[in-house]
> 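First, the structure itself, so that you have it in front of you.
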Amino acid sequence: YSLINLPAAWDITTGSNSVIVAVIDTGTTPGVDLAPRTLAGYDLISDPAMARDGDGPDPDPTDEGDSTGPQNSSFHGSHVAGTVGANTNDGFGAAGVTWSTRIMPIRVLGVGGGTTFDIASGIRFAAGLPNSSGALPPQSAHIINMSLGGPGVSQTMQDAVTDARNAGTL
């Protein structure tokens with residue numbers, strides 16, 4: 001945390017519970033450090049096999065794991081959500097970057113990764129815009145975190161990012 005000057009930043013602010021950060025990733029697993037500030041999210045994985053939960057998009061962003069073999073699943077979304085906003089000074093786990101921000105988990109990555117279509121739908125959902133699920137969050141996210149990557153450039157992805165930004169989501 002010292003490499004990104006968090007101790008000095010915490011002297012200025014530890015965040016605000018009026019801010020919502022959407023973590024677009026593998027979803028989250030139940031966790032003591034995240035539960036108090038985790039909002040309802042969404043699972044936007046359209047392929048049931050990739051989702052590993054037996055269905056397509058639904059309001060349950062629980063991370064079912066992304067492993068395709070003997071290696072362990074990454075549960076990367078839980079890790080990222082914890083980095084953003086894990087409870088702090090509670091004697092459990094690590095400190096989050098912000099101690100107050102609310103987290104909206106959005107599941108777009110599953111077994112073997114994800115699709116541009118699902119990720120773009122996740123961006124649109126987070127921003128409170130029409131998306132493939134037909135669902136909208138009660139309140140759109142102020143900030144979207146995507147700790148993911150992929151090949152090339154996609155107009156679908158660029159359009160989703162532009163639309164989210166135009167709707168006021170960073």
Side-chain angles (χ1 to χ4, degrees), residues 1-45 51-53 57-67 72-110 113-114 118-129 131 133 135-150 157 160-161 163-165 167-170:
Y1 285 165
S2 62
L3 291 176
I4 59 173
N5 295 317
L6 272 182
W10 288 330
D11 288 340
I12 298 168
T13 184
T14 56
S16 167
N17 69 358
S18 68
V19 176
I20 298 172
V21 175
V23 175
I24 299 178
D25 208 295
T26 64
T28 57
T29 55
V32 173
D33 260 9
L34 296 174
R37 291 183 285 111
T38 299
L39 302 174
Y42 218 84
D43 174 356
L44 286 149
I45 300 175
R52 191 180 267 162
D53 63 1
D58 62 52
D60 181 4
T62 301
D63 188 343
E64 300 290 336
D66 57 4
S67 176
N72 292 330
S73 289
S74 70
F75 299 103
H76 191 260
S78 292
H79 173 80
V80 173
T83 299
V84 170
N87 282 337
T88 303
N89 292 329
D90 60 0
F92 182 81
V97 170
T98 170
W99 307 349
S100 303
T101 296
R102 295 176 292 155
I103 306 293
M104 178 192 301
I106 300 177
R107 186 170 185 245
V108 298
L109 303 176
D118 292 346
I119 297 167
S121 290
I123 293 168
R124 298 183 63 75
F125 177 89
L129 299 170
N131 60 80
S133 73
L136 296 174
Q139 183 179 354
S140 59
H142 299 95
I143 299 167
I144 293 174
N145 173 284
M146 294 191 308
S147 177
L148 52 87
M157 188 74 73
V161 169
D163 290 347
R165 185 65 189 121
T169 299
L170 176 63

> Mind checking the CG-CG spacing from Leu39 to Leu34? Nearest 0.5 Å is all I need.
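If I round to the nearest 0.5 Å, the distance is 11.5 Å.
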> Taking all non-hydrogen atoms of both residues into account, name the closest pair between Ser73 and Ser67 and its distance.
OG-N, 3.0 Å
> Check whether any side-chain N or O of Thr169 sits under 3.5 Å from a backbone N or O of Ala141 as a donor-acceptor pair, and report yes or no.
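The answer is yes, because a donor-acceptor pair under 3.5 Å joins these two groups.
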> Closest approach of Ser74 and Asp66, non-hydrogen atoms and distance?
OG-OD2, 2.6 Å
> Nearest 0.5 Å please: distance from the CG atom of Asp43 over to the OG atom of Ser133.
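The CG atom of Asp43 sits 10.0 Å away from the OG atom of Ser133.
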> Look up atom CD1 in Ile24 and atom OH in Tyr42, then write down how far apart they are to the nearest 0.5 Å.
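If we round to the nearest 0.5 Å, Ile24:CD1 and Tyr42:OH are 14.5 Å apart.
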> For the atom pair CG (Asn17) and CZ (Arg37), what is the distance rounded to the nearest 0.5 Å?
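If we round to the nearest 0.5 Å, Asn17:CG and Arg37:CZ are 9.0 Å apart.
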> Is there a side-chain contact between Val19 and Thr98, using heavy atoms and a 4.5 Å cut-off?
no
> So, for Pro137 and Gly128, which heavy atoms are closest and what is the spacing to 0.1 Å?
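Heavy atoms only, the tightest pair is CD-CA, 4.0 Å.
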> Are any non-hydrogen side-chain atoms of His76 and Leu109 less than 4.5 angstrom apart?
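Sidechains of Leu109 and His76: no contact.
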> Between Asp58 and Asp53, is there a side-chain heavy-atom distance shorter than 4.5 Å?
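Asp53 reaches Asp58 side chain to side chain.
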> Do the side chain of Asp118 and the main chain of Gly122 share a donor and acceptor less than 3.5 angstrom apart?
no
> I need the Ile123 CD1 to Arg165 CZ distance, nearest 0.5 Å.
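Spacing of CD1 (Ile123) from CZ (Arg165) equals 13.5 Å.
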> Contact between His142 and Ser16 at the side-chain level, heavy atoms closer than 4.5 Å - yes or no?
no
> Give the ring-plane orientation class for Trp10 versus Tyr1, where under 30° counts as parallel, over 60° as perpendicular and anything between as tilted.
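Trp10 and Tyr1: perpendicular rings.
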> CG/Asn145 to CE/Met104 distance, rounded to the nearest 0.5 angstrom?
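Nearest 0.5 Å value for the CG-CE distance: 13.0 Å.
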> Within the side chain of Thr26, is there an N or O that forms a donor-acceptor pair under 3.5 Å with the backbone of Gly77?
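Pair found, side chain donor or acceptor close to backbone of Gly77.
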> Backbone N or O of Gly65 within a donor-acceptor pair of the Asp63 side chain at under 3.5 Å?
yes
> Please tell me if the side chains of Val108 and Ile106 come closer than 4.5 Å, counting only heavy atoms from C-beta onward.
yes
> Decide yes or no for Ile45 and Arg52: does some side-chain heavy atom of the first lie under 4.5 Å from some side-chain heavy atom of the second?
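No - every pair of side-chain heavy atoms lies 4.5 Å or more apart.
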> Indicate the atoms forming the closest heavy-atom contact of Asn87 with Pro36, along with that distance.
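Result for this residue pair: ND2-CG, 3.4 Å.
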> Can you name the nearest heavy-atom pair linking Ala126 to Ala22, along with the distance?
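Taking every non-hydrogen atom into account, CB-CB, 3.6 Å.
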> Does Arg107 reach the side chain of Glu64, with side-chain heavy atoms less than 4.5 Å apart?
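Answer yes - side chains close enough.
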> With distance as the sole test, does Thr101 use its side chain to make a donor-acceptor pair with the main-chain N or O of Gly15 at under 3.5 Å?
no
> If you take all heavy atoms of Ser2 and Pro7, which pair is closest and at what distance?
CA-CD, 4.2 Å
> Are side-chain heavy atoms of Thr28 and Val23 found at a separation under 4.5 Å?
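SC-SC contact between Thr28 and Val23 ruled out.
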